[in-house]
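Following: one structure in structure tokens, then a few remarks.
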Amino acid sequence: MENSSVRVRFAPSPTGPLHIGGVRTALYNYLFAKKNGGSFILRIEDTDQNRFVPGAEAYIVEAFNWCGIEFDEGVTKGGEYGPYRQSDRKDMYREYADLLIQSGNAYYAFDTPEELNDIRKQLEAEKKIFTYDAVQRTHLKNSLTLSPSEVKNLLHAGTPYVIRFKMPTDQVIVMEDEIRGRVEVNTSVLDDKIIFKSDGMPTYHLANVVDDHLMKISHVIRGEEWLPSLPLHVSLYDAFGWDKPKFAHLPLLLKPDGKGKLSKRDGDRLGFPVFPLQWTDPESGEVSRGYREDGYFPEAFINMMALLGWNPGDEREFFSLAGLVEAFSIEKVGKSGSRFDQEKAKWFNHHYLVEKSNDELAGLFLDVLKEKNIDPGQKNLSYIVGLVKERVNFVAELWEQSSFFFEVPAVYDPQTVKKRWKTDSFEHMKELEVVLKQVQDFSSENTEKVVKAWIEEKEYGMGAIMNAFRLLIVGEAKGPHLFDIIEVIGKEDTLARINRGVEILGKKEAN
RNA sequence: GCUCCGUUCGUCUAGCCAGGUCAGGACGCCAGGUUUUCAUCCUGGUAACACGGGUUCAAAUCCCGUACGGAGUACCA
């Protein structure tokens, strides 16, 4: 609000499609930024060249486009703190690593991955866990144990090395998390993390601290999986002598059943998308479904995601993106993980679908019809959609609730036949056909008037007639007001359906 | 193993920070109502403070412990 210097970032790694947990993290960042009149930045963290996946960055951008989440700065927008892709910032990290070496906060380590692995295995055999920490570093191959000339020689010879952060010994690091409050950790349980890799790239830890500082990030809002490395990051800021941003660690999204965080497999197993958009793996060709392709509206998706871990503090449930911005506050974000609930997601979609205008829905429905090679002819799709939209959760479901407007029922549902095709139905329907044949004005209002008058005159049961009638027109016991249906399909089709139904179903003998 | 984080109806959650309401709402489910059917809709119902101590006149709320769960523990982010 009053703080115009709020700057937050979402910093995904382009290693594949964006998980919905990531979408939620980005959403909360966005909401926080907009709520406080700040900027939202998209930074791509591609410091691991081995895990680069083509198309992943484009996917991320497209996903946010679909969601309606806009960035103020970033890979697609540019900005005065660029470049926003870490691979494009490669050169600047080295000097910061050097700064730490000079100040004695970091050191060269020449141990090869193989050597370290051997030690790790050895200790494992003794049921111990190896960590490159204050104790271990004193007898490993690094610039702390080697003489300056030895180090110089190794460096000159081009020996591969990494740069490790020298974790201070026996200090209590006090951290303040905006969601969890105070967290304390003693450095004696921390290890000397690699901050600069032998391939010349920084690790996440160095890169994110340097970039957040350079990009003047005011609040780091990220997933809970980063909480364990917060002490390192805080130590890094201290070692550089930089002001720290505020930190907030969001709870995880959990799988709907069982334990653990939501994974791609859960979606496949339980039949719901774990990604905002459909994704085709460039290597395996494997397709993962997306919310967009599954028929979710972006506003429903966002509304549902926002409420998974945050609440407005009152009983409101429906929020537009702008409404979320207005209502959002980091204090109302929960501490514990949330399970994704598919039923509630559907309910949200239903809500937004019903809220849409019939014209808009008709447009979407027309695409469905085209795919099925159904020609709606002169039929008023808006009107039809308006009659059935309350019965569906998705546009794609509109067809099964309205196919009888376009097609003669292929079969008569056996259950319904058993229940509604009574002994008298045969005669009743034949009579009804004659009655309707004489009707000129086939409007819903008029046919209803005529048919009801006939029923009353003959003292037939309303239910008996109408249910059998519906069976012949629709094929089963479903659908909107019957007279509305026959108005749409018209007199000719209505009479044909009655005629055909009577023929096929025949006269049921009394039991 | 170790470190950190967490734990209110089946699910999302309010309430916890500033102890005192039959622990509230929503989804789901069940029942009833409306209706020519189904769905919508309306009404009602179901169902939770992980456990054990402590502090207190009083604890979901504060403190300690236990259990359970999760995350991290890579030259991945």
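Per chain, numbering begins at 1; letters A, B, ... match sequence-line order. Remember, predicted model here, so these are calculated numbers, not experimental data.
- Across all strands shown, B/A67 forms a Watson-Crick or G-U wobble pair, both distances under 3.5 Å, with B/U7.
- In this structure, CZ in A/Arg9 is found 5.5 Å from CG in A/Asn208, a value given to the nearest 0.5 Å.
- The 5' end of RNA chain B is approached more closely, in terms of each residue's nearest nucleotide, by A/Val183 than by the other of A/Val183 and A/Asn467.
- Each of A/Arg339, A/Lys261, A/Lys255 was checked for a salt bridge (charged side-chain N to carboxylate O under 4.0 Å, His left out) with A/Asp266, and the lone residue meeting it is A/Lys255.
- Using Watson-Crick or G-U wobble geometry with both donor-acceptor distances under 3.5 Å, B/A58 finds no partner in any strand shown.
- No side-chain donor from either of A/Asp211 and A/Tyr84 sits under 3.5 Å from a side-chain acceptor of the other.
- A/Lys422 and A/Asp424 are not joined by a salt bridge, as no carboxylate oxygen comes within less than 4.0 angstrom of a charged side-chain nitrogen.
- Across the strands present, B/C29 finds its partner in B/G45; the criterion is a Watson-Crick or G-U wobble pair with both atom distances under 3.5 angstrom.
- Residue A/Arg180 is in sugar-phosphate contact alone, with no base atom involved, counting any heavy-atom pair closer than 4.0 Å across all strands shown.
- You'll find the ring centres of A/Trp310 and A/Tyr28 outside the 6.0 Å limit.
- Note: NE2 (A/His350) to P (B/C27) measures 12 Å, nearest angstrom.
- Within the shown strands, nothing qualifies as a pairing partner of B/U36 under the Watson-Crick or G-U definition with both distances less than 3.5 Å.
- Pair assignment for B/C2: B/G72, on the basis of Watson-Crick or G-U wobble contacts that are both within less than 3.5 Å.
- Checked against the 6.0 Å centroid criterion, the rings of A/Tyr161 and A/Tyr108 qualify as a close aromatic pair.
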Could you go over nucleotides 31-33 of chain B and give all protein N or O partners under 3.5 Å, atom names and distances?
none

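- Side-chain atoms of A/His233 never come within 3.5 Å of backbone atoms of A/His205 as a donor-acceptor pair (strictly under, hydrogens ignored).
- A salt bridge between A/Asp341 and A/Lys344 is absent, with no side-chain N of the basic residue lying under 4.0 Å from a carboxylate O of the acidic one.
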Protein-nucleic acid N or O pairs under 3.5 Å, nucleotides 8-14 of chain B:
unit_1: B/C12; atom_1: OP1; unit_2: A/Arg339; atom_2: N; d: 2.8
unit_1: B/C12; atom_1: O2'; unit_2: A/Leu307; atom_2: O; d: 3.0
unit_1: B/U13; atom_1: OP1; unit_2: A/Gly309; atom_2: N; d: 2.6
unit_1: B/U13; atom_1: OP1; unit_2: A/Ser338; atom_2: OG; d: 2.5
unit_1: B/U13; atom_1: O3'; unit_2: A/Asn311; atom_2: ND2; d: 3.2
unit_1: B/A14; atom_1: OP1; unit_2: A/Asn311; atom_2: ND2; d: 2.8

